[in-house]
Protein chains: 2
Amino acid sequence: MSRPTVNDIAREAGVSLATVDRVLNARPGVRAKTILAVNDAIARLGYVRDLAAANLARSRSYRMVVLLPDSDSQFVHTLAAALQEAAALAAASRTEMDLRRYPPEDMHVLAAHLAGLQPDAVAGVALMAPETPVVRDAVRALRLRGVPVVALGSDLPNAGRDHFVGIDSHAAGRTAGVLMGRFCRGLTGRVLVIADSMLLRDSIERRRGFDEVMLADFPALEVLPTVETHGAPDMLRAVVGERIAATPDLAGIYLLASGHRALAGLLRDRGLLGRFTVIGHELTPHSRAALLAGHLDAVIAQNPGHLARSALRVLRAKADRAPIDEGQEQLRIEVVIRENLPADPAETRRADAA
Amino acid sequence: MSRPTVNDIAREAGVSLATVDRVLNARPGVRAKTILAVNDAIARLGYVRDLAAANLARSRSYRMVVLLPDSDSQFVHTLAAALQEAAALAAASRTEMDLRRYPPEDMHVLAAHLAGLQPDAVAGVALMAPETPVVRDAVRALRLRGVPVVALGSDLPNAGRDHFVGIDSHAAGRTAGVLMGRFCRGLTGRVLVIADSMLLRDSIERRRGFDEVMLADFPALEVLPTVETHGAPDMLRAVVGERIAATPDLAGIYLLASGHRALAGLLRDRGLLGRFTVIGHELTPHSRAALLAGHLDAVIAQNPGHLARSALRVLRAKADRAPIDEGQEQLRIEVVIRENLPADPAETRRADAA
DNA sequence: GAATTTTTGAGGTACGTTCCTCATTTTCAA
DNA sequence: TTGAAAATGAGGAACGTACCTCAAAAATTC
């Protein structure tokens, strides 16, 4: 009738509750034959462990440490907010989050942070960091001490992280390339690429994907060398301004990372708004505003809420040694234009309050 | 130190456990003043109800009925599979799903189905159906009997559903319009629109959004009247074939609903593959194949897995009278092109098995 | 076949909440 | 001031699982 319980399994398998428990929780002291009998009964009855009861009985709680760079990037801010929100929800299932920031320029501080984590006090770690040797070693050491590690937003493939939550930067760059090429259909000209720094793996991969597509499919467009702004708006205005002036046949601008506001300001001042196809990454208040105003044609994004929830869910699964629902944790490479811009979460909250 | 429990609240508020329980579960028989005192204590302690324990104690299980049209549409198939998968996961939290099909041509059968549901045996209903008067009345009656109803994929705004899980068809149509217009940059010509039936609300709204954008922003493109195929591939080949022949300056084709395979076949036979910009809706095995082959330029989609999980989560929240996390339940209008095509879930499973 | 080890059984407590009963106290209106 | 009604307290059982102990049974070794 109703769902079978451990007691039903015991009866069905003709063993005691204690034995069923030993099998279910992989405790020692059970003959292989008995294990099989129990598993048989489980399969016959279609037993599914009641997670609610199990977690309650364990009375275990999970402290997840999340490490983000302490940069003033809007994406990081948005992600931090999404993480807080996800953590508030996760609190109902005994998961708490400890969100920490580290100075983005010094990976030794991050490594020291990781080295200082006590395995018995931390159920898992999610971090967003570039894969430098220092970080790689720190992550490896942490995993050796038994702490699951999830790479957040930016992958750490060679650090042996347990999971990566985020999108494939190379495919994201390709997507940007296709949109740029198609939005510029019929045009012959050049495309300017702007990055914070080409030392970051994400930017490199985006650029690589972008170039691949442009070269193969849109030969009428020539992609210029990357202009680096180091996150400084002034630098962007100066360098990009000079480049625009020097490129009469400019068809498009590809913004690899941040700088939406500075670029919009520059174009506005020069009366160039809407003259080029502009494509960028990540949905932030600035890029959202630019999309709405029509200064920006498309954004390639990942959903920060999804990113945050996935990170916590995956860490929880890893901590429980439970399987992961790949379908649910697969982040999508979103293409956002003005028409499919999702409602602003801040707006929604304001409307709710009213 | 550790998380506060109901007992801590009782102590903090200076009342008994029974009173705390009455307040927490909105049971009658507590003075307003006392309620305030308890809520104060809750806020002071930062109490968060332990869902695991609460659900266990309730030992309530939730039977959700999901009703889908028994059409051979690939989207419905995909959604059904996603629902089964979501239900398997939800089983761990005492939620089971009863997926039923109804003949798509007869809303009276659906209405009878709804009328036959026992409120005490069903915790909630999700249904995908056009908003005919019969359906509207059946939904209203069901809600009056206390069963939460969620509209799935296609909204039922005038039936008073508790929630809509899906995307805004009008905005989806606008998105399709912008892509069509931009992908056809520089061209002057006509756009063919193909629908199963223009009696379906979704198709009407998509078309309306599409037209708005085309008219306002892309005057060089003229949108032709909708061709209806009634879901029949033969009909599509015949009618669309004739229309294509009659339209020498055809620039694009907008597929409002199904028919990806038939259209690809038709274009292939005539040697017209890749000649027009083709934009469609929903990611299915057929549209996926067409994207990969390059016969289809973009698809406007909603994530069926997300749709399924949202539906079950929202029903559960409604059944518990719990608040809904809007951010999480907000479906995105996805733009899918070849470069950001998510991994095929079937492929992933096969790879896992290997 | 005795001694030892391994496996199994029986029974209990705990987790944090829900929901019940019954007794007692407080409040309010007549 | 009294009587009825409303509010509160005290206590306990239950949900399904985890985890503990101790005793009994079975299997293994010499």
Side-chain angles (χ1 to χ4, degrees), chain A residues 1-42 45-62 91-96 319-322, chain B residues 1-39 41-42 45-62 91-96 123 319-322:
Chain A
M1 195 54 246
S2 104
R3 278 175 54 157
T5 73
V6 277
N7 287 296
D8 299 323
I9 301 179
R11 202 175 331 109
E12 176 81 13
V15 300
S16 75
L17 181 59
T19 301
V20 173
D21 179 63
R22 290 182 184 112
V23 174
L24 275 176
N25 297 289
R27 273 186 263 276
V30 188
R31 271 185 305 169
K33 201 176 130 194
T34 313
I35 296 187
L36 257 106
V38 171
N39 282 329
D40 245 39
I42 290 179
L45 296 179
Y47 168 80
V48 183
R49 191 205 230 90
D50 185 327
L51 274 186
N55 287 329
L56 178 59
R58 269 189 257 265
S59 85
R60 176 178 177 187
S61 71
Y62 306 77
S93 34
R94 313 174 144 268
T95 301
E96 57 175 323
D320 284 342
R321 293 196 167 67
Chain B
M1 198 54 251
S2 113
R3 281 175 51 154
T5 74
V6 276
N7 287 297
D8 298 324
I9 302 180
R11 203 177 328 111
E12 177 80 12
V15 300
S16 75
L17 180 57
T19 300
V20 172
D21 179 61
R22 290 183 183 110
V23 173
L24 275 176
N25 296 290
R27 274 185 263 274
V30 188
R31 270 183 309 168
K33 200 175 131 195
T34 313
I35 296 186
L36 255 97
V38 171
N39 282 329
I42 291 179
L45 296 179
Y47 168 81
V48 183
R49 188 206 234 95
D50 185 326
L51 271 188
N55 288 329
L56 178 58
R58 268 191 257 266
S59 88
R60 176 176 176 187
S61 71
Y62 306 77
S93 36
R94 314 176 142 266
T95 301
E96 55 174 325
D320 284 343
R321 293 194 167 67

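- Whole-Å rounding puts the Asp50(A) CG to dC15(D) C1' distance at 9 Å.
- The closest donor-acceptor contact from the side chain of Arg3(A) to the backbone of Val48(A) lies under 3.5 Å.
- Minimum interatomic distance between Ala13(B) and Ala37(B) (heavy atoms only, all atoms of both residues): CB-O, 4.0 Å.
- Between the C1' atom of dC20(D) and the CZ atom of Arg58(A) lies a distance of 16 Å, rounded to the nearest Å.
- Here salt bridge (charged side-chain N to carboxylate O under 4.0 Å, His left out) pairs that include residues 6-21 of chain B, with residues two or more places apart or in two chains, are Asp8(B)-Arg11(B), Glu12(B)-Arg44(B), Asp21(B)-Arg27(B).
- Annotation: side chain to side chain donor-acceptor pair (under 3.5 Å) contacts of Arg49(A) (sequence neighbours excluded): Asn25(A).
- Considering only residues two or more places apart in sequence or on other chains, Thr34(A) meets the side chain to side chain donor-acceptor pair (under 3.5 Å) condition with none of them.
- To the nearest 0.5 Å, the span separating CG on Asn55(B) from CG on Leu56(A) amounts to 10.5 Å.
- For the helix from dG1(C)-dC30(D) to dA30(C)-dT1(D), the rotation axes defined at the first and last 5 base pairs enclose an angle of 10°, given to the nearest 10°.
- Each of Ile42(B), Thr5(B), Val6(B) was compared with Val20(B) under the side chain to side chain contact (heavy atoms under 4.5 Å, CB included) criterion, and only Val6(B) meets it.
- In this view, Ser16(B) and Thr19(B) satisfy the side chain to side chain donor-acceptor pair (under 3.5 Å) rule, not counting sequence neighbours.
- Residues from residues 4-11 of chain B that place a heavy atom under 4.0 Å from any atom of DNA chain C, listed by number: Thr5(B), Val6(B).
- Counting any heavy atom pair closer than 4.0 Å across all strands shown, Arg94(A) reaches sugar-phosphate atoms only and no base atom.
- Taking Tyr62(B) as the reference, Asp320(B) meet the side chain to side chain donor-acceptor pair (under 3.5 Å) condition, with sequence neighbours excluded.
- Scanning residues 14-22 of chain A for heavy-atom distances under 4.0 Å to DNA chain D yields Asp21(A).
- Between the CG atom in Asp40(A) and the CD1 atom in Ile35(A) there is a gap of 12.5 Å [rounded to 0.5 Å].
- Residues that satisfy the salt bridge (Lys or Arg N to Asp or Glu O under 4.0 Å) test with Arg94(A), not counting sequence neighbours, are Asp50(B).
- Read 5' to 3', the first and last nucleotides of DNA chain C with an atom closer than 4.0 Å to a heavy atom of chain B are dG16(C) to dT27(C).
- Scanning for salt bridge (Lys or Arg N to Asp or Glu O under 4.0 Å) contacts around Arg58(A) gives an empty result, with sequence neighbours left out.
- Contact check of residues 23-37 of chain A against DNA chain C (heavy atom, cut-off under 4.0 Å) returns Gly29(A), Val30(A), Arg31(A), Thr34(A).
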